[in-house]
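Note that ligands are numbered from 1 as they come in the structure, with each ligand's atoms numbered from 1 the same way. Worth knowing before you read on, the calculation uses all heavy atoms, side chains too, and leaves out hydrogens, waters and symmetry mates.
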Amino acid sequence: MNYQPLKYIYQSSAIPDAYTLLLLHGTGGDENDLLPLAKHFGNNFNVLSLRGNVSEAGMPRFFKRLGMGVFDEQDLKFRTEEMVAFITQLAEQENFDIKKIVALGYSNGANIAGSALLTHPDFLAGAILYRPMQPFKVVDKNIKNTNNVPVFMSNGKSDPTINPADTAKLVTSLTNAGYNLSNHLLPVGHQLVQQDIQLSVEWYKKNFK
Ligand code: MLT
């Protein structure tokens, strides 16, 4: 299968050397969904918001799944490569720094961001993962991030869609791969709440001035 372009919205900050916040929506969302959330982080970064190329009964997603929480890992790997190649080419076209991308993903979007962290360890400069889970059954133990890249992650204690064991596996995989993980378990479900935003904004301001 050939790579397809992804639908996107790009908003330049017009600040030289700015970071780019890469927005990755949840299942059934699109590139407009997370734009209001991004405003909580300030305005000194570019925004690149993508729409997943996969459709599940009309709902956009970033990769196929075989059931709830059961991923088509072959498709996930392909879609991760497709997304990384697309962003790399877009960085030239839109003139943003490919070395300064911070992903912000929710649910399905957090899972493809997690996949990028575990297959392309030097691609992202940081990541905010809301409600992620371990994307692969087996993670390559030789994958190492060399820059101690900061990763924020928040999950819900009463989230019916995520097995806590899969969250724990992701924590282990990211830590073993050399990421500087800030992990939060909140007394909530799958939906984002104010506390996710508050904690991640604090984390962002501390790590990306
Ligand atoms: C996924 O498929 O990525 C996760 O189950 C979360 C979701 O999108 O529902």
Side-chain angles (χ1 to χ4, degrees), residues 1 4 6-8 21-38 48-84 86-87 102-120 123-124 127-140 143 151-174 177 179 181 183-193 195-197 200:
M1 207 161 37
Q4 300 298 317
L6 284 88
K7 290 208 167 61
Y8 73 96
L21 205 56
L22 168 67
L23 307 181
L24 303 164
H25 62 78
T27 298
D30 67 23
E31 66 278 25
N32 295 292
D33 278 25
L34 296 172
L35 294 175
L37 176 62
L48 171 61
S49 191
L50 301 182
R51 183 191 301 189
N53 267 346
V54 165
S55 170
E56 183 184 274
M59 294 187 299
R61 281 179 56 84
F62 284 96
F63 57 90
K64 290 183 194 158
R65 63 180 162 186
L66 307 172
M68 268 309 273
V70 185
F71 299 160
D72 179 334
E73 293 195 17
Q74 204 184 338
D75 189 63
L76 173 54
K77 283 194 178 131
F78 173 79
R79 296 294 170 189
T80 305
E81 297 298 324
E82 180 183 61
M83 182 180 79
V84 168
F86 178 73
I87 295 170
V102 179
L104 182 158
Y106 168 62
S107 190
N108 183 241
N111 290 333
I112 196 163
S115 167
L117 290 169
L118 293 171
T119 57
H120 293 263
F123 180 63
L124 294 171
I128 297 166
L129 311 177
Y130 299 124
R131 310 292 181 273
M133 56 194 277
Q134 171 84 332
F136 301 112
K137 286 204 181 70
V138 179
V139 169
D140 181 352
I143 290 282
V151 175
F152 172 94
M153 124 182 193
S154 58
N155 274 302
K157 254 185 211 159
S158 49
D159 186 338
T161 66
I162 297 180
N163 181 344
D166 288 335
T167 306
K169 280 188 206 151
L170 181 59
V171 168
T172 306
S173 299
L174 291 175
Y179 291 101
L181 192 63
N183 179 27
H184 302 267
L185 187 60
L186 307 180
V188 298
H190 197 66
Q191 291 306 314
L192 281 185
V193 297
Q195 216 183 340
D196 291 288
I197 299 169
S200 52

Pairs under 3.5 Å, N/O atoms on ligand 1 and on the protein: can you put them in a table with the distances?
unit_1	atom_1	unit_2	atom_2	d
ligand 1	2 (O)	Arg61	NH1	2.8
ligand 1	2 (O)	Arg61	NH2	2.9
ligand 1	2 (O)	Arg65	NH1	3.4
ligand 1	3 (O)	Asn108	ND2	3.0
ligand 1	3 (O)	Asn111	ND2	2.9
ligand 1	8 (O)	Thr27	OG1	2.5
ligand 1	8 (O)	Arg61	NH1	3.3
ligand 1	8 (O)	Ser107	OG	3.4
ligand 1	9 (O)	Arg65	NH1	3.2

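Ser107 and His190 share a donor-acceptor pair across their side chains, judged by distance under 3.5 Å alone.
For Thr172, there are no side-chain hydrogen bond (donor to acceptor under 3.5 Å, both in side chains) partners two or more places apart in sequence or in a different chain. Not a single salt bridge (Lys or Arg N to Asp or Glu O under 4.0 Å) links Asp33 to another residue, sequence neighbours left out. Under the salt bridge (Lys or Arg N to Asp or Glu O under 4.0 Å) criterion, Asp30 pairs with no residue, sequence neighbours left out.
The backbone N or O of Leu6 sits nowhere less than 3.5 Å from a side-chain atom of Arg51 that would complete a donor-acceptor pair.
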task = Given side-chain contact (heavy atoms from CB on, under 4.5 Å), test Phe63 with Thr80 step by step and report yes or no.
result = CA-CA 8 Å; Phe63 57 90; Thr80 305; over 6 Å; no

